[in-house]
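In what follows, residues are counted from 1 in the order of the sequence shown.
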Amino acid sequence: QVQLVESGGGLVQAGGSLRLSCAASGRTLSRSAMGWFRQAPEKEREFVAGINWSGDTTAYARSTKGRFTISRDNTKNTVYLQMNSLQPEDTAVYYCAAGGGPVGSTRGYDYWGQGTQVTVSS
């Protein structure tokens, strides 16, 4: 019933930028919290960033704050993750998620996308 489709991943050199997009099906998701998680090889999945339904509350992992920016456009049912100053340690599969919140908690998300690969080379 709910579908999340990520795009924008790829290969980038260290110091470069990427913008991830996540398109959500169903207009009711406009009132859902949305966020991004990532999982690197042999690592646990970790929270990256989250945003509430109105877009006035955000949360970031300490490792990404200041470099990454999450935003959403409810008219398009889309959430974005702008990633700047990328480093090799940012290499991971990035997953889009949606749910009832809170934005900074893994418990706030119920629906997940398939993931998009981000690879940062040195």
Side-chain angles (χ1 to χ4, degrees):
Q1 187 174 50
V2 177
Q3 184 176 8
L4 305 174
V5 180
E6 301 97 334
S7 62
L11 174 65
V12 65
Q13 296 292 318
S17 298
L18 285 173
R19 184 180 66 199
L20 305 183
S21 299
C22 174
S25 65
R27 62 180 296 168
T28 57
L29 290 176
S30 66
R31 293 190 63 87
S32 297
M34 300 190 73
W36 292 92
F37 293 74
R38 67 185 182 186
Q39 187 167 21
E42 302 182 346
K43 301 291 186 180
E44 299 290 330
R45 184 174 297 188
E46 65 175 343
F47 171 78
V48 176
I51 187 168
N52 73 337
W53 68 270
S54 62
D56 59 359
T57 301
T58 58
Y60 295 92
R62 292 186 65 186
S63 61
T64 62
K65 190 174 183 179
R67 299 186 297 123
F68 292 8
T69 303
I70 188 171
S71 61
R72 69 189 298 164
D73 185 344
N74 290 336
T75 66
K76 299 179 180 179
N77 291 328
T78 300
V79 64
Y80 305 94
L81 184 67
Q82 178 67 45
M83 304 185 294
N84 299 325
S85 301
L86 284 163
Q87 300 299 314
E89 54 264 37
D90 295 314
T91 295
V93 177
Y94 283 70
Y95 297 91
C96 177
V103 297
S105 172
T106 58
R107 295 186 61 187
Y109 302 94
D110 303 308
Y111 303 98
W112 300 84
Q114 295 295 112
T116 184
Q117 177 70 47
V118 172
T119 303
V120 185
S121 63
S122 59

side-chain contact (heavy atoms from CB on, under 4.5 Å) with Met83: of Val118, Thr69, Thr64, only one passes, and it is Val118
Test side-chain contact (heavy atoms from CB on, under 4.5 Å), reference Cys22, set Val5, Val79, Thr78, output is Val79
Has the side chain of Gln114 got a donor or acceptor atom that lies under 3.5 Å from a matching backbone atom of Glu6?
no
Check whether Tyr60 reaches the backbone of Ile70 with its side chain - one donor and one acceptor, N or O, closer than 3.5 Å.
yes
Grab the two heavy atoms, one from [X] and one from [Y], that are nearest each other, plus how far apart they are.
X	Y	value
Ala14	Pro88	CB-CD, 4.2 Å
Ala92	Ala40	CB-N, 3.8 Å
Gln82	Ser17	NE2-CB, 4.0 Å
Ala24	Leu4	CB-CD2, 3.4 Å
Gln13	Ser121	NE2-OG, 2.9 Å

Answer whether the closest heavy-atom distance between the side chains of Arg38 and Glu46 falls below 4.5 Å.
yes
Could you tell me whether the side chain of Ser21 reaches within less than 4.5 Å of the side chain of Tyr80, counting heavy atoms only?
yes
Using a 4.5 Å cut-off between side-chain heavy atoms of Ile, Leu, Val, Met, Phe, Trp and Tyr, which other residues end up in the same hydrophobic cluster as Val93?
Phe37, Phe47, Tyr95, Val103, Tyr109, Trp112
Could you measure the distance from the [atom1] atom of [X] to the [atom2] atom of [Y]? Nearest 0.5 Å is fine.
X	Y	atom1	atom2	answer
Ser25	Asn77	OG	CG	8.0 Å
Thr91	Gln117	OG1	CD	7.0 Å
Gln87	Ser63	CD	OG	11.5 Å
Asp110	Arg107	CG	CZ	10.5 Å
Leu20	Phe68	CG	CZ	8.0 Å
Glu89	Ser122	CD	OG	10.0 Å

